[in-house]
**Student:** 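I am attaching a structure below and will ask some questions about it afterwards.
Each residue takes its place number in the sequence, starting with 1. In each ligand, atom 1 is the first atom listed, and ligand 1 is the first ligand listed.
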Amino acid sequence: MTSEEIRSLLARPREGGIIVLGETGSTNADAKRLAMEGAPAGTVVIADRQTAGRGRLGRTFLSESGRGLYFSMLLRPALPAEKLLPLTGLCAVAAARAAEKAGGLPVGVKWVNDLILNGKKLGGILTELGFDNKGGVAFAVAGIGVNLAYTRGEFEKAGLGDMATSFAAEGALTDGAVLAALLIEELGRMAEALETGGTRPYAEEYRRRSVTIGRPVKIMYPAGSETGRALDIDDNFGLVVEKDGGERTVVRTGEVSVRGLYGYV
Ligand code: BTN
């Protein structure tokens, strides 16, 4: 995959750099470094392989060569941090749209940042913020990993047999450059919606794509867990849960397991 190939697939020409690497630690780390060096919004970093691919909550993200798209885009939203609470959810909608178009199969979202295909994890989103010395938001990085060509055997070998899938494992042939171009377009639209306050349609689409709403869930805390049923997603992409005792709560961060997904019974 080359940056020229990705550019040739874009509907409109763009300014921001597209950096395509063979191997790197983490494209999110690269994008953050570029941000601190002054790179403009829209700069994209893609790698064929990551040696330290990261997910939420400090998890590793499987990042083998020729098997997935490992993509990060630098954003510079002129908004305070509290307005960026929905960023991960917004990116999940943008990524689900792009993946669905590229793969031709319906892509769902498990709260908050997992892309789901046929009940298994197709990919994930890791958003990170950088702050200036006055505590304002200097930049955000939207990191997206999508499993394209892993086989079931490869997931089993990595201990992810119950959990993960790829477009190839579900019978779809997907081109990484096509997906990268679609991600650039969708994230560009999302960034515009974020700056202009036009994110309501994204929350609606998130609800439509949600595989979490209506299902029994387990909310994981550092010390223990609670069970209940997911009722809704609010406009800030918080998960509204009715706990088993009847009390309602909105989960904004952390981890929620959905019964029936990823081997949780
Ligand atoms: C998750 O599953 O919790 C999020 C996974 C995010 C993975 C992508 S791959 C490109 C970018 N670089 C990283 O190190 N992580 C993200």
**Student:** Can you pull the ring pair (Phe, Tyr, Trp, His ring centres under 6.0 Å) pairs that have at least one residue in residues 188-213, sequence neighbours excluded?
**Tutor:**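 Those involving residues 188-213 are Tyr206-Phe237.
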
**Student:** Extract all donor-acceptor atom pairs below 3.5 Å that involve side chains of residues 256-265 and protein atoms in other chains or at least two apart in sequence.
**Tutor:**
| residue | atom | partner | partner atom | Å |
| --- | --- | --- | --- | --- |
| Tyr262 | OH | Asp114 | OD2 | 2.6 |

**Student:** Can any side-chain N or O of Tyr70 pair as donor or acceptor with the backbone N or O of Glu64 at less than 3.5 Å?
**Tutor:**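 Yes; judged by distance alone, with no hydrogens or angles, the pair exists.
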
**Student:** Please tabulate protein-ligand N/O pairs under 3.5 Å for ligand 1, atom names and distances to 0.1 Å.
**Tutor:**
| residue | atom | partner | partner atom | Å |
| --- | --- | --- | --- | --- |
| ligand 1 | 2 (O) | Lys121 | NZ | 2.5 |
| ligand 1 | 3 (O) | Arg56 | N | 2.7 |
| ligand 1 | 3 (O) | Asn113 | ND2 | 3.2 |
| ligand 1 | 12 (N) | Thr27 | OG1 | 3.2 |
| ligand 1 | 12 (N) | Gln50 | OE1 | 2.9 |
| ligand 1 | 14 (O) | Ser26 | OG | 2.8 |
| ligand 1 | 14 (O) | Arg54 | N | 2.8 |
| ligand 1 | 15 (N) | Arg54 | O | 2.7 |

**Student:** Are Val211 and Val241 joined in one hydrophobic group, where the rule is that I, L, V, M, F, W and Y side chains link up if heavy atoms are under 4.5 Å apart?
**Tutor:**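 Yes, same cluster.
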
**Student:** Checking the side chain of Arg76 only, and the main-chain atoms of Ala138 only, is there a donor and an acceptor separated by less than 3.5 Å?
**Tutor:**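 Yes, the answer is positive, given that a donor and an acceptor are paired below the 3.5 Å cut-off.
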
**Student:** What pairs with Thr199 under side-chain contact (heavy atoms from CB on, under 4.5 Å), at least two apart in sequence or on another chain?
**Tutor:**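 Only Leu90, Ala193, Leu194 meet the side-chain contact (heavy atoms from CB on, under 4.5 Å) criterion with Thr199.
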
